Amino acid sequence: MSVVTGSENCVLGINGCTMQNSEIARAFDDLADLLEIDGANPFRLRAYRNAARMINDLPESMAAIVADPERSPDELPGIGKDLAEKITT
């Protein structure tokens with residue numbers, strides 16, 4: 001479960017550290033790089049890179065989206081159920 005803490009632009013990350021949209025985007029870019037090295041499906045790589053770009057350019061914080069019980073990150077363009085789960089867990 002994700003929890004909003006501190007700044008409105010942060011979500012609770014691993015071990016209680018907060019992550020801003022730009023940090024989430026960077027994590028998706030890094031994952032895409034690792035998947036590319038591993039020879040992953042190009043469509044999967046594109047999904048990670050598109051999600052990173054969209055999250056980085058998002059005008060509202062991912063924390064606000066995650067904290068809203070009526071919303072989910074998978075409602076955003078380029079964020080499917082799998083990527084939304086990675087954001088919220």
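Being a predicted model, the structure only gives us computed values, none of them experimental.
- The two residues Glu23 and Gln20 have their closest heavy-atom pair at OE1-N, 2.6 Å.
- The salt bridge (Lys or Arg N to Asp or Glu O under 4.0 Å) contacts involving residues 68-78 comprise Glu60-Arg71, where partners must be two or more places apart or lie in separate chains.
- A distance of 5.0 Å separates CG in Leu83 from CZ in Phe28, rounded to the nearest 0.5 Å.
- Donor-acceptor pairing under 3.5 Å is lacking for the side chains of Asn56 and Arg53.
- In this structure, the side chains of Pro73 and Val66 come closer than 4.5 Å at one or more pairs of heavy atoms.
- If you take OG on Ser61 and CG on Asn21, they are separated by 6.0 Å, rounding to the nearest 0.5 Å.
- Under the ring-ring contact (aromatic ring centres under 6.0 Å, His included) criterion, no residue pair touches residues 58-85, with sequence neighbours excluded.
- Sequence neighbours left out, the pairs with a member in residues 79-89 that pass salt bridge (Lys or Arg N to Asp or Glu O under 4.0 Å) are Asp82-Lys86.
- Screening residues 55-89 for ring-ring contact (aromatic ring centres under 6.0 Å, His included) gives no qualifying pairs among residues at least two apart or on separate chains.
- The ring-ring contact (aromatic ring centres under 6.0 Å, His included) contacts involving residues 62-89 comprise nothing, where partners must be two or more places apart or lie in separate chains.
- Contacts of Arg44 classified as side chain to side chain donor-acceptor pair (under 3.5 Å), with partners at least two apart in sequence or in another chain: none.
- Sequence neighbours left out, not one pair with a member in residues 60-89 passes ring-ring contact (aromatic ring centres under 6.0 Å, His included).
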Atom pairs and distances, side-chain donor-acceptor, residues 36-43, under 3.5 Å, sequence neighbours left out:
residue	atom	partner	partner atom	Å
Glu36	OE1	Arg49	NH2	2.9
Asn41	OD1	Phe43	N	2.6

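- For the side-chain contact (heavy atoms from CB on, under 4.5 Å) criterion with Ile55, the lone passing option out of Ile79, Leu76, Asp29 is Ile79.
- Taken to the nearest 0.5 Å, the OG atom of Ser22 stands 11.5 Å off from the CG atom of Leu58.
- Here Arg26 pairs with Asp30 under the salt bridge (Lys or Arg N to Asp or Glu O under 4.0 Å) rule; sequence neighbours left out.
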